[in-house]
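One-based numbering along the sequence shown. Keep in mind it's a predicted model, so treat the numbers as computed, not measured.
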Amino acid sequence: MRTVIPIANARNLLHQASYNNHTSSSLSSPVFRLAAGSLQRNVHHALCFHPRPLSIFWIVRADKPQRIQSARATKDDQLPLERGGQKDLGGVGAEEATLLGENSGIISACFVGLLTGLCVVLFNNAVHEIRDICWDGIPSRGASWLRELPHEKMWMRIILIPTCGGLIVSLLNIFQTTFLDEGDSADRLKAVMKPILKGVAAAVTLGTGNSLGPEGPSVEIGASVAKGIGSLFDRNAQRKLSLKAAGSAAGISSGFNAAVAGCFFAVESVLWPSPAESSLSLTNTTSTVILSAVIASVVSEIGLGSEPAFTVPDYDFRSATELPLYLLLGIFCGLVSLSFSSCTSWMMMTTNKIQNTFSIPKPVFPILGGFTVGLIALLYPEILYWGFENVDTLLETRPFVKGLSVDLLLQLIAVKIVATSFCRACGLVGGYYAPSLFIGAATGMAYGKIFGSFIPQFNSIFHISGMEVASPQAYGLVGMAATLAGVCQVPLTSVLLLFELTHDYRIVLPLLGAVGLSSWITSRSLKKKDDSENDFSKKKENENHNKFETKELLVSEAMRREYVSVVMSTMLMEVVALMLENNQSCVLIVDDDNLLIGLLTLENIQDFCKLSQQTNKIPQELIVSELCSLKNDMCRFPQTVTPEMSLYSAEVIMNMYGVTHLPVISEDQKAFPVGILDRESINLACRALETREHLVWFSTLNNTTT
């Protein structure tokens, strides 16, 4: 018969194990994070059932000799917090404590909305100031005005400004890597400085005209504010998801001055994709999101003005017979969105491969990205980020600016996709919302102009009555929403954003049709791609972690520092014996200088044996070099990662090349192995991060109640 272990007893155990027996430095070390993952099952039993007095043992290794710490919970160790089966919270009853917890969530959401609104206002003002300084008088006219200037006067400026932006972003990345990631600064300082540095990098990226958008950084600002508010005022770990949603809603609301769209963005991007982690009711979660979005939108309206993000053009809808044309536009926008996503993935893979193949330093790529944007802008200045003035130019709402031809609009679609994808792949900081709206506006305007000239000719030949076509601006607006929904997979947000800006019910029906088709096309294509290429990684990701966690961790925090290396003359029998002895399914092949040559897995050896049997070629010597000579692709230099890369980037490389192991090489001395990364270690690190946060919360709660 199993007996119940009191919750307070288990919490006391976790408190003693995490804080009394360890210093704060050991808690924050990467090794403890890995050790905490193996502790997760014991934590689960500690909070549920156990047949006898509970003991937890683990090994702590932080570059010191191995030692074993243990903590034992007995009846005498129980915290003096149990009275009649309820916790004594300083005279506050259970109902009052519950009410206080709910109110603290609402108050935290209000703070999140207020601070996010202020930060986004500061961020946008910084972008505008940098743009005014760099371009000196041109910003008020829009980037298309650069077409009217003689190139011999402006070409150097057009190239150098985005390039200098990339240079500053590289310097900020070097500063972060040197002083924050590898330095001895406190965890709280790192948590504060990293979002600030990223916000500054985004402001520089956009202010110098590189082809990205401000909405992604605005959402990250909101998420960072929510994380900080949660750690300071609301330590309930189960409410983190609600605050993250509130911060994301505040970021979009303040960026577009559209509170309703911000609320639905939080639902589509944060709440729906996430597992049911929060014990709060849907009503409470929705309340926090709405309050945060409204407050952020009000602050943004005060700081940035009440004007919409872009000027809504005059448009009309002629008849219901146009609806098939809008549905067809949705299909085209879906294909364009799919091209955009595929181009971004290909660009990221290519830059990663170039970096690994030619050992190009990482800080070079943002400079290269800015330089490339400058070169493209010589011919197509509209691709430069210029707020939403360029969208106004496409929609032909700017005075004294003539509209663009269909040929130029089609060229801008392709060029903007390439420029944005390359900026993202090179490490420049920004989002996809503004580029998606630009591409959608160009697609819709080109589509509307083509059919606007084709349908009248068609009617004159076949004499079809009632077939009228609206102005190209109407198709431009619908194309913006459809492309945004396809690229970012936020169909409801796209519909409500355009409706909130136009205040016109007539646009809702065409919007719903086009957005639904565009989102359906991209979602099905992406799902097929994920199922065919990333089935294993997707299953692990859904069970144990998401991409937000892998972005927070570095390869150095998850890699295995103990690995097996062999040389070309090593016997294959010895290789297999080493694998069994060290419980590893792969070994690294190195030369006499201990530099990496290749990666050899147990599966490679099995394939070697099968191939030898099928070809009736018995190897003369069963050594590693014989295997490599028979099957060269086994011993070629593998894809590698470095300790300072994010786990998310490492997973992208794994999924890209269909591998489960990646050698980790030194940043300073290329091809010198320092560890190995596999799927299991990534899974363990993500679980350990989540478990550690819960342990810290338990300990903090004990400190506050005692």
Side-chain angles (χ1 to χ4, degrees), residues 206 210-220 248 251-252 255-256 258 261-262 264-266 268-270 272-273 309-310 329-349 383 385 388 390-391 394 409-410 412-425 428-447 475-498 501 511-530 547 652:
L206 301 175
N210 285 288
S211 182
L212 288 168
E215 291 73 29
S218 297
V219 172
E220 291 198 16
S248 301
I252 288 293
F256 281 106
F264 276 84
F265 171 81
E268 287 187 296
S269 298
V270 180
W272 282 356
F310 53 88
L329 174 61
I331 295 175
F332 282 132
C333 288
L335 296 176
V336 170
S337 303
L338 196 59
S339 302
F340 189 11
S341 301
S342 301
C343 183
T344 302
S345 300
W346 184 83
M347 286 285 188
M348 293 183 72
M349 289 188 294
I383 66 145
Y385 175 74
F388 282 95
N390 289 341
V391 175
L394 296 178
L409 288 171
L410 294 176
L412 284 175
I413 295 171
V415 171
K416 185 68 173 180
I417 288 175
V418 172
T420 305
S421 300
F422 192 63
C423 283
R424 190 62 179 267
L428 293 167
V429 185
Y432 281 146
Y433 267 50
S436 299
L437 293 174
F438 179 96
I439 294 168
T443 303
M445 288 294 293
Y447 180 90
Y475 291 96
L477 289 173
V478 174
M480 291 169 69
T483 306
L484 178 62
V487 173
C488 303
Q489 287 298 293
V490 284
L492 292 179
T493 303
S494 304
V495 171
L496 288 167
L497 177 62
L498 263 294
L501 294 174
L511 270 179
L512 289 173
V515 165
L517 279 174
S518 176
S519 181
W520 177 76
I521 289 173
T522 53
S523 62
R524 283 187 60 86
S525 299
L526 292 175
K527 184 177 183 299
K528 288 180 180 179
K529 184 178 179 180
D530 289 341
K547 69 179 182 180
V652 169

Can you tell me which residue pairs pass the side-chain hydrogen bond (donor to acceptor under 3.5 Å, both in side chains) test with a partner in residues 430-442, sequence neighbours excluded?
none
Would a 4.5 Å heavy-atom cut-off, applied to side chains only, mark [X] and [Y] as touching?
| X | Y | answer |
| --- | --- | --- |
| Thr344 | Met348 | yes |
| Ile417 | Val336 | yes |
| Leu212 | Leu206 | yes |
| Val490 | Ser269 | yes |

Please report the interatomic distance [atom1]([X]) to [atom2]([Y]), rounded to the nearest 0.5 Å.
| X | Y | atom1 | atom2 | value |
| --- | --- | --- | --- | --- |
| Ser248 | Phe265 | OG | CZ | 5.5 Å |
| Leu394 | Leu412 | CG | CG | 6.5 Å |
| Leu329 | Thr443 | CG | OG1 | 8.0 Å |
| Glu268 | Ile252 | CD | CD1 | 11.0 Å |
| Ile413 | Thr483 | CD1 | OG1 | 8.0 Å |
| Leu484 | Leu497 | CG | CG | 7.0 Å |

Carefully, step by step, assess Thr522 and Val487 under the rule side chain to side chain contact (heavy atoms under 4.5 Å, CB included).
CA-CA 8 Å; Thr522 53; Val487 173; over 6 Å; no
Nearest heavy atoms of [X] and [Y], plus distance in Å:
| X | Y | value |
| --- | --- | --- |
| Ala434 | Pro214 | CB-CD, 4.0 Å |
| Leu437 | Phe388 | CD1-CE2, 3.6 Å |
| Ala481 | Ser494 | O-CB, 3.4 Å |
| Ile439 | Lys416 | CG1-CG, 3.7 Å |
| Ala482 | Ser337 | O-OG, 4.3 Å |

Apply side chain to side chain contact (heavy atoms under 4.5 Å, CB included) to Asn210 and Tyr385, showing your working.
CA-CA 6 Å; Asn210 285 288; Tyr385 175 74; over 6 Å; no
Are any side-chain N or O atoms of Ser518 and backbone N or O atoms of Val515, one a donor and one an acceptor, separated by less than 3.5 Å?
no
Can you name the side-chain hydrogen bond (donor to acceptor under 3.5 Å, both in side chains) partners of Ser339, sequence neighbours left out?
none
Tell me every residue that passes side-chain hydrogen bond (donor to acceptor under 3.5 Å, both in side chains) with Ser519, counting only those two or more places apart in sequence or in another chain.
none
